[in-house]
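Notes to accompany the following structure.
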Amino acid sequence: MTELQFHNSLTRGKEGFAPIDPAHVRIYVCGPTVYDLAHLGNARPVIVFDVLARLLRRLFPRVTYVRNITDVDDKINARALESGETIEAITARTTADFHRDMAALGNLPPDAEPRATQSIAPMIALIERLIARGHAYVAEGHVLFAVASFPDYGALSGRSTEELQAGARVDVAPYKRDPGDFVLWKPSPPELPGWDSPWGRGRPGWHIECSAMSWQALGEVFDIHGGGHDLIFPHHENEVAQSRCAFGTPVMANLWMHNGMLRVEGEKMSKSLGNFLTVRDILGRGAWAGEAFRLLVLKTHYRQALDFTFAGLDEAKAELDDDYAMLARAPAAPELPAVQAEMAEWALEPLRDDLNTPLALTRLRDLRTLENVASVGGSATAVLHRAGRNWPVVPGLAAAAFREVAEVLGLAASEPRRWLQGAEDTGWIEAAIAARLAARRARDWAEADRIRADLTARGITLEDGPQGTTWRRA
RNA sequence: GGUCCGGUGGCCGAGUGGUCAGGCAAGGGUCUGCAAAACCCUCUACGGCGGUUCAAUUCCGCCCCGGACCUCCA
């Protein structure tokens, strides 16, 4: 059995994973800023860490997965100013949209979803602690983190303080002691959201919320912190500085996992390029699109850059069609729990090695082939050779293992018939099939073929099998 | 410019110091009244140049190409 190991951004290498509390794994992932519909780049970390959470739940007695909602941010303020909609309305609507979109991509909700606006008190407590310990200072109504007070600053992103200073932009606020110092708290004018604080009415800086919310939900030090690769600097670097300095701990989280960026048709996704795609845009292509996108994402290792293409989305749909066709014809699982468990473990094993979903998917496809061989006919030799096992080829067995593995990946969650045939009224199709059956019994092949051609023209594919004729939408 | 990550067959995409990735597409076959599905076969690649090694796509160096980040709201 492969040791459970993950790539740690902190050490830039793979490490064996052992939770601080073996009975309880604690994960924090940076969630969305709710000012607009989720785009494809937002969806990737949600899918990746959903699979991670599902895997860990299978391996450990208890998992707490926390993903925040950032509902105080200047992007939100700007949006409210230009649209006239209230901040509360924007964040409430966008949060609901986010939940709906993520569910449509097959993601389970996190165990806790704290909101920044409901975590102001712990943020203030944290900032007070940082000031008391000499890691933060007040200047012109702002509270700033003093980078120079934290020797390990830059360790996560792999930058020295000198490099950071050299890279500092020209406009450094004059009240900063050091160009790298960042805002913990800033003053708010009356027209912007604000909370009373020891430093006057104000609002939090970007980074402090995650330190506060992870602390509240998971404690001073926890197991895994995740997010997009672009968050390593400055966001995560600053989180680490805040949390470690506030609590005097050697780490904030033991393991830092970052997913690669998503591109669209070979280009960076941006509004100016006109290739900005929201999750909604994808979902609008059909009932199949959410799951197909999920598969597309999982086909690439999470740390690699992912190039989204519509051709790739269609290919993912075609693969799911075949998965569901197999599931639809597979009989109930035979009573061979030990073999079934072995098959599932074999397919799931790559996930233990830094969440290698592409390899797990390859093995999932091998389980599909195994089931097809068992229930339709063919040779299992190649698959059994790859697996290095001599599993019995019994109808229903590999399909049961397939379902088990697919559940960890959050795939194949739909009812097969529904996926293949849709939800609309299908009486006319059944009638046509009956008419064709009558023609075939009468050996009237011309009429039988005419009926099939007619159905084909309407996007219905017929499949004659030993149990009669079934159909699916093309 | 700095730091980091990549370059695999028509496309996507794992992995490995030497005997199999896989998927999609394409071609051929088995099966089928004809089909579809399924299964089988074919297509045998690892950016360039050096180096280490009995052996490198896999390790090392250099180069080329691509991408990410380089802060407090552009």
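Every chain is numbered from 1 and lettered A, B, ... according to where its sequence line falls, protein lines coming before strand lines.
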If you look at every strand shown and take non-hydrogen atoms under 4.0 Å, does [X] touch a base, only sugar-phosphate, or nothing?
X	value
D322(A)	sugar-phosphate
R365(A)	nothing
L462(A)	base

Rounded to whole angstrom, note down the [atom1] distance from [N] over to [M].
N	M	atom1	value
U19(B)	U52(B)	P	22 Å
C49(B)	A37(B)	P	43 Å
C12(B)	G28(B)	P	25 Å
A21(B)	C60(B)	P	23 Å
C54(B)	G67(B)	C1'	38 Å
G13(B)	U32(B)	C1'	34 Å
C62(B)	C24(B)	P	41 Å
G7(B)	A14(B)	P	9 Å

Between [atom2] of [N] and [atom1] of [X], the distance in whole Å:
X	N	atom1	atom2	result
N77(A)	A74(B)	CG	P	13 Å
F402(A)	G23(B)	CZ	P	13 Å
H258(A)	C69(B)	NE2	C1'	11 Å
D230(A)	C69(B)	CG	P	6 Å
E239(A)	U71(B)	CD	P	18 Å
F233(A)	C4(B)	CZ	P	15 Å
L262(A)	G67(B)	CG	P	15 Å
Y35(A)	C73(B)	OH	C1'	10 Å

For [Y], does its backbone N or O pair with a side-chain atom of [X] as donor and acceptor, under 3.5 Å?
X	Y	answer
D71(A)	T117(A)	yes
N68(A)	G31(A)	yes
T94(A)	T91(A)	no
D281(A)	T278(A)	yes
R133(A)	A246(A)	yes
E371(A)	G396(A)	yes
D181(A)	D178(A)	yes
R54(A)	E407(A)	yes

Nearest-0.5 Å distance that lies between atom CG in N77(A) and atom OG in S188(A):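 Between N77(A) CG and S188(A) OG, I get 7.5 Å after rounding to 0.5 Å.
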
If you find the nucleotide of RNA chain B closest to R329(A) and the one closest to E319(A), which residue's nucleotide is nearer the 5' end?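 Whichever sits nearer the 5' end wins; that is E319(A).
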
Quick check on RNA chain B: between A318(A) and F182(A), whose nearest nucleotide comes earlier from the 5' end?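 Between the two, 5'-proximity favours A318(A).
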
Nearest to the side chain of R263(A), which nucleotide is it out of G67(B), U71(B), C39(B)?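 Nearest listed nucleotide: G67(B).
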
The side chain of P234(A) lies closest to which of these nucleotides: A21(B), G67(B), U71(B)?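 Between A21(B), G67(B), U71(B), the one nearest the side chain of P234(A) would be U71(B).
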
Pull out every stem in RNA chain B, meaning runs of 3 or more consecutive Watson-Crick or G-U wobble pairs with both distances under 3.5 Å.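 Stems found: B:1-7 with B:64-70, B:10-12 with B:22-24, B:26-30 with B:38-42, B:47-51 with B:59-63.
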
Shortest non-hydrogen contact between L55(A) and L351(A), atoms and distance: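 Looking at all heavy atoms of both residues, the shortest contact is CD2-O, 3.7 Å.
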
Could you tell me whether [X] and [Y] make a salt bridge, using a distance below 4.0 angstrom between a side-chain N and a carboxylate O?
X	Y	value
R450(A)	D454(A)	no
D464(A)	R440(A)	yes
R452(A)	D449(A)	yes

Reading 5' to 3' through nucleotides 6-14 of chain B, protein heavy-atom contacts under 4.0 Å coded B for base, S for sugar-phosphate only, - for none: -------SS

Looking at the rings of H258(A) and H236(A), which for Trp means the six-membered one, are their centres under 6.0 Å apart?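 Judged by ring-centre distance (under 6.0 Å), H258(A) and H236(A) do meet the cut-off.
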
For W185(A) together with H142(A), are the ring centres under 6.0 Å from each other?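 Not under 6.0 Å, so no.
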
Test side chain to side chain donor-acceptor pair (under 3.5 Å) on D354(A) and Q5(A); report intermediate values, then the result. CA-CA 6 Å; D354(A) 199 25; Q5(A) 54 178 352; over 6 Å; no

Give the residues of residues 430-458 of chain A touching RNA chain B, defined as any heavy atom closer than 4.0 Å, sorted by residue number.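 Contacts with RNA chain B under 4.0 Å: R436(A), R440(A), W445(A), D449(A), R452(A).
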
Heavy atom of residues 370-382 of chain A under 4.0 Å from RNA chain B: which residues?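 Result for residues 370-382 of chain A: N372(A), V373(A), V376(A), G377(A), G378(A), S379(A), sorted by number.
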
Using the ring of Y137(A) (Phe, Tyr or Trp, six-membered ring only), decide whether R177(A) places NZ or CZ under 6.0 Å from its centre and within 45 degrees of its axis.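 Pair R177(A)/Y137(A) counts as cation-pi.
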
So, do F402(A) and L327(A) sit near enough that their side-chain heavy atoms are less than 4.5 Å apart?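 Yes, at least one pair of side-chain atoms sits under 4.5 Å.
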
Distances for protein N or O near nucleotides 26-31 of chain B N or O, under 3.5 Å:
none

Anything under 3.5 Å between a protein N or O and an N or O of nucleotides 16-19 of chain B, put it in a table, one pair a line.
none

